[in-house]
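Inspection log for the structure reproduced underneath, given as structure tokens.
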Amino acid sequence: MSMTTHDPRTVGPRIRMMMPHLTPLEGRVVENILGRKDFDETTALKSVADDAGVSEAMIVKIAKKLGFSGFKDFRTGLVDYHNLPTAELHQELSPDDTGMEIAQKVFRTSIHALEETLSILDPEAFERAADLIFAARQRDFYGIGGSAQIARDVAHKFLRIGVRASVFDDAHMMLMSASLLGEGDVAIGFSHSGATNAVIEPLELARQRGARTIVLTNYATSPIAQFADVVLCSTAVGSPLLGENAAARIAQLLICDAVFVAVAQRDLLAAERNLAATRNAVTLKRRSP
């Protein structure tokens, strides 16, 4: 996945995507740094190390593990990220919040997730996903729980323009589906964590059978990504109450909407013709007694 290192908007997503790959100690150190209110360009490496209770070498190691050249690069990136106009959009919910404050915070968290997801969207991966879906003979979507709902939403949109897709949300059915795929087919796995075995296994099988594979996940380096020809990533800040899934779900739906439009664009006349046909069918059904 391409991520522009000089773009401050990608700093938060980059750190979040790497968190699952840190050790528990490294994760606590990063959380400690992110929680500091006084962190700025003057914050010394020794101060960060002392505050976290680890060595300076450990801080440098963590910064490099997160994709930065060193502590100074990490510090500059984090400061620039926190200074973005959208940085204040994400606010934690409080027991004292009014109904309107809750609504504003939930909306702003989703807006923040959309801004950051757009900043890390890989244009080449996006175009390839649209090409594969458009040209596919068979399109099978795999997801569990909330991810399955996203799969159903995009499958519904595709059907409206004559692009047929099947959605599977049962582990056994997914494996059966994957076993019947081959060259010219596409399997798409939806997994927020990227670690759901029920989705990983059929995706791996589909690839072994010769099908192309696409993954929609919140972590570019998650286990499911190794079985994907194309990885599309969402990103969202975690919240004790909402978790990551709530805002990430909105971002993933928007990614799917964009892919849908890109697929329709590849044969706009057919898409418009099929859309008119499906609309007419629904209208006639509503009018019938």
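Residue indices begin at 1 and follow the sequence shown.
Not one N or O on the side chain of Asp73 forms a donor-acceptor pair closer than 3.5 Å with the backbone of Phe68. The main-chain N or O of Val163 is never found under 3.5 Å from a side-chain atom of Arg139 such that the two would form a donor-acceptor pair. With hydrogens and angles ignored, the 3.5 Å screen pairs a side-chain donor or acceptor of Thr117 with a backbone N or O of Thr235. Counting only distance, with no hydrogens or angles, the side chain of Glu204 and the backbone of Glu201 share no donor-acceptor pair below 3.5 Å. Judged purely by atom type and a 3.5 angstrom limit, Asn274 has no side-chain atom pairing as donor or acceptor with the backbone of Ala271. Side-chain atoms of Arg137 do not come within 3.5 Å of backbone N or O of Leu181 as any donor-acceptor pair. The backbone N or O of Thr43 sits less than 3.5 Å from a side-chain atom of Asp40, completing a donor-acceptor pair. A distance-only check finds no donor-acceptor pair linking the side chain of Ser234 to the backbone of Gln252 [under 3.5 Å]. For the pair Glu101 (side chain) and Thr98 (backbone), a donor-acceptor distance under 3.5 Å is present. Asn197 places no side-chain N or O within donor-acceptor distance of the main-chain N or O of Ile200, the cut-off being under 3.5 Å.
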Between His21 and Thr221, does a side chain to side chain donor-acceptor pair (under 3.5 Å) hold up when you go through it step by step? CA-CA 9 Å; His21 304 283; Thr221 56; 2.4 Å; yes
Test log, rule side chain to side chain contact (heavy atoms under 4.5 Å, CB included), inputs Val259 and Val154: CA-CA 9 Å; Val259 171; Val154 68; over 6 Å; no
Stepwise salt bridge (Lys or Arg N to Asp or Glu O under 4.0 Å) test for Arg16 and Glu116: CA-CA 11 Å; Arg16 289 195 296 277; Glu116 292 196 345; 2.2 Å; yes
Going through the distances and angles, do Lys105 and Asp97 end up as a salt bridge (Lys or Arg N to Asp or Glu O under 4.0 Å)? CA-CA 10 Å; Lys105 288 182 178 181; Asp97 287 341; 3.1 Å; yes
Could you walk me through whether Ile255 and Leu216 satisfy the side chain to side chain contact (heavy atoms under 4.5 Å, CB included) test, starting with their C-alpha distance in whole Å, then the side-chain angles of each, then the deciding distance to 0.1 Å, before giving a yes or no? CA-CA 9 Å; Ile255 291 174; Leu216 185 60; 3.9 Å; yes
Show your working on salt bridge (Lys or Arg N to Asp or Glu O under 4.0 Å) between Glu26 and Lys65 and close with a plain yes or no. CA-CA 10 Å; Glu26 291 170 342; Lys65 200 168 181 179; 2.9 Å; yes
Residue pair Arg266, Asp131: steps toward the salt bridge (Lys or Arg N to Asp or Glu O under 4.0 Å) verdict: CA-CA 8 Å; Arg266 277 150 175 75; Asp131 285 338; 2.7 Å; yes
Mind running side chain to side chain contact (heavy atoms under 4.5 Å, CB included) on Lys64 and Ser69 for me, showing each step along the way? CA-CA 6 Å; Lys64 290 183 177 179; Ser69 61; over 6 Å; no
What verdict does the side chain to side chain contact (heavy atoms under 4.5 Å, CB included) test give for Val30 and Ile15, after you've listed the backbone C-alpha separation in whole Å, the side-chain angles of each residue and the deciding distance to 0.1 Å? CA-CA 9 Å; Val30 174; Ile15 293 173; 4.0 Å; yes
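Donor-acceptor pairing under 3.5 Å is recorded for the side chains of Gln138 and Asp140. Using modelled atom types, one finds no donor on one side chain facing an acceptor on the other under 3.5 Å when comparing Thr217 with Ser191. In summary, the side chains of Thr23 and Arg28 do not present any donor paired with an acceptor at a separation below 3.5 Å, with no hydrogens or angles considered.
Phe190 has its ring centre no less than 6.0 Å from the ring centre of Tyr142.
Interatomic distance, Leu45 CG to Ser55 OG, rounded to the nearest 0.5 Å: 9.0 Å.
Salt bridge present: Arg36 and Asp51 bring a charged side-chain N and a carboxylate O closer than 4.0 Å. The pair Lys157-Asp257 meets the salt-bridge criterion, with a side-chain N (NZ, NE, NH1 or NH2) lying under 4.0 Å from an Asp/Glu carboxylate O. Looking at Arg75 and Glu41, a side-chain N of the basic residue comes within less than 4.0 Å of a carboxylate O on the acidic one, giving a salt bridge.
The heavy-atom pair separating Ala187 from Leu203 by the smallest distance is O-CD1, 3.8 Å.
Ring pair Tyr81/His112 is tilted by interplanar angle, where 30° to 60° counts as tilted.
The environment of Met176 atom CE is sparse: at most 12 non-hydrogen atoms of other residues, nucleotides or ligands sit within 6.0 angstrom. Heavy atoms of other residues, nucleotides or ligands lying less than 6.0 angstrom from CE of Met173 number 12 at most.
In this view, Gln149 and Arg152 satisfy the side-chain contact (heavy atoms from CB on, under 4.5 Å) rule, not counting sequence neighbours.
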